[in-house]
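Bear in mind that the values here come from a model prediction, so they are computed numbers and not experimental data. Naming: A, B, ... by sequence-line order, numbering from 1 per chain.
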Amino acid sequence: MGRVKDILSKLDALYADPKSELHHRSDFELLISVILSAQATDAAVNRVTGKLFQQYPTAKAMSKAPQASLEAVLRPLGLYKNKARNIKKTCRILQETHGGDVPRQQTALEALPGVGRKTANVVLSAFGIPRIAVDTHVARVSKRLKLAEWEDSPRTVEKKLMDALPKSRWTRTHHQMILFGRYRCRSRKPACEGCPLKPWCRYPDI
DNA sequence: ATCCCGAGGG
DNA sequence: CCCTCTGGAT
C-alpha cells in the first residue's frame, strides 16, 4: 500500500462519516454561517445564528439591518465589525446580481465581501462540488504528514492535495483533516501517543 | 500571555 | 508580504 492510501485508510478509521457542525436550512444560512466562522469556533457561531436568522431571515432583510444592531448580535464571535459590514454587503450583492441566490461559481463567491478562497471552498464543498478547503488545520496536518512542505502557502497545499488525492475523496478527506487537526493533531500539544498516523508523521522534526 | 477554525487592505 | 480586526481557548 502506498503512503497516501495508508493515510486515507487511517483517517477513514478515525472519522467514518465526517460532518460539519454547521447546520443550515438554506443556501443563504449556509453562506452566512460559513462567513461568520472565520476565526471563530462552531460553538460560537451556533450561539449567534439562531437570533441572527430569526431577526434577518432573508438576504433582503439582512442587507437593510442597522449596523449597530448586527454588531450587537455578532459581538460574541470576535471580528464583529468586519463581519457585520461584510454580510450586509454580501446580502446586497446576492440580491442585486444573483437574484437572491447563492452563486455556485468560485469567482462569484470570492467576489463577495468576507469570502476568500477557504470560505468559497467550504461552501462549494457543501454544494457537492469537489473542493479542498485549506484552513490552518488542514495545512498543518498536511505538512506533518508530508503531503506538503512546511513553507507552502495555503494555495500550494491545496494544489498538492488535489494532485495527491483522488477527486472522489477531496471533500471527505479535507473534512477528516479538519477534525483530526482540531482535536488531535493540534498545533500546540498534539496527542501523539497512540496516534494511528504516527508512522507517516514528521512531527516534531519541523 | 499567547495563539488562533481568515479576509481585506496598504 | 505584513498588518489589523476581536473573542475564545489554553
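C:dT6 and B:dG10 have their P atoms separated by 16 Å, with the value rounded to a whole Å. Taking the P atoms as reference points, C:dT10 lies 15 Å from B:dG6, given to the whole Å. Taking the P atoms as reference points, C:dT4 lies 16 Å from B:dC3, given to the whole Å.
If you check every strand for non-hydrogen atoms under 4.0 Å, A:Pro113 touches sugar and phosphate atoms only.
Annotation: A:Arg92, atom CZ; neighbour count of heavy atoms from other residues, nucleotides and ligands within 6.0 Å does not exceed 12.
A straight line from CG of A:Asp42 to P of B:dC4 spans 18 Å, rounded to a whole angstrom. Straight-line distance from the CD1 atom of A:Ile35 to the C1' atom of C:dC5: 16 Å, rounded to whole Å. The distance from atom CZ of A:Arg188 to atom P of C:dG8 is 16 Å, rounded to the nearest whole Å. To the nearest angstrom, C1' of C:dA9 lies 11 Å from NE2 of A:His137. Atom pair A:Ile178:CD1 and B:dG6:P shows a separation of 10 Å (rounding to whole Å applied). Rounded to whole Å, the distance from OH on A:Tyr183 to C1' on C:dA9 is 13 Å. The CD1-P distance, from A:Ile32 to B:dG6, rounds to 17 Å in whole Å. Rounding to whole angstrom units, CD of residue A:Gln39 and P of B:dG8 are separated by 13 Å.
Side-chain polar atoms of A:Thr49 and A:Glu29 form no donor-acceptor pair below 3.5 angstrom.
Proximity of residues 65-96 of chain A to DNA chain C (heavy atom under 4.0 angstrom from any strand atom) is restricted to A:Arg75, A:Pro76, A:Gly78, A:Leu79, A:Tyr80, A:Lys81, A:Asn82.
At a threshold of 4.0 Å, the pair A:Asp152-A:Lys143 does not count as salt-bridged, since none of the basic side-chain nitrogens sits closer than that to a carboxylate oxygen. Taking 4.0 Å as the cut-off between side-chain N and carboxylate O, A:Arg144 and A:Glu149 do not count as a salt-bridged pair. We find that A:Glu158 and A:Arg117 are joined by a salt bridge, their nearest charged nitrogen and carboxylate oxygen being less than 4.0 Å apart.
Here the shortest heavy-atom pairing between A:Asp42 and A:Ser37 reads OD1-CB, 4.5 Å.
Within the structure, no pair that satisfies the side-chain hydrogen bond (donor to acceptor under 3.5 Å, both in side chains) test touches residues 187-198 of chain A, not counting sequence neighbours. Within the structure, the side-chain hydrogen bond (donor to acceptor under 3.5 Å, both in side chains) test picks out the following pairs touching residues 3-12 of chain A (sequence neighbours left out): A:Asp12-A:Arg169, A:Asp12-A:Arg172, A:Asp12-A:Gln176.
The phosphate of C:dA9 (OP1 or OP2) has no side-chain N or O of A:Thr41 nearer than 4.0 angstrom. The side chain of A:Ser187 contributes an N or O atom lying less than 4.0 Å from OP1 or OP2 of B:dC4.
Stem analysis of DNA chain C (at least three stacked-register Watson-Crick or G-U pairs, each with both distances under 3.5 Å) gives B:1-4 with C:7-10, B:6-9 with C:2-5.
In this view, A:Glu71 satisfies the salt bridge (charged side-chain N to carboxylate O under 4.0 Å, His left out) rule with no residue, not counting sequence neighbours. Taking the side-chain hydrogen bond (donor to acceptor under 3.5 Å, both in side chains) definition, one finds that A:Tyr56 meets it with A:Ser69, sequence neighbours left out.
Across B:dG6, B:dC3, C:dG8, the shortest atom-to-atom separation from the side chain of A:Arg47 is found for C:dG8.
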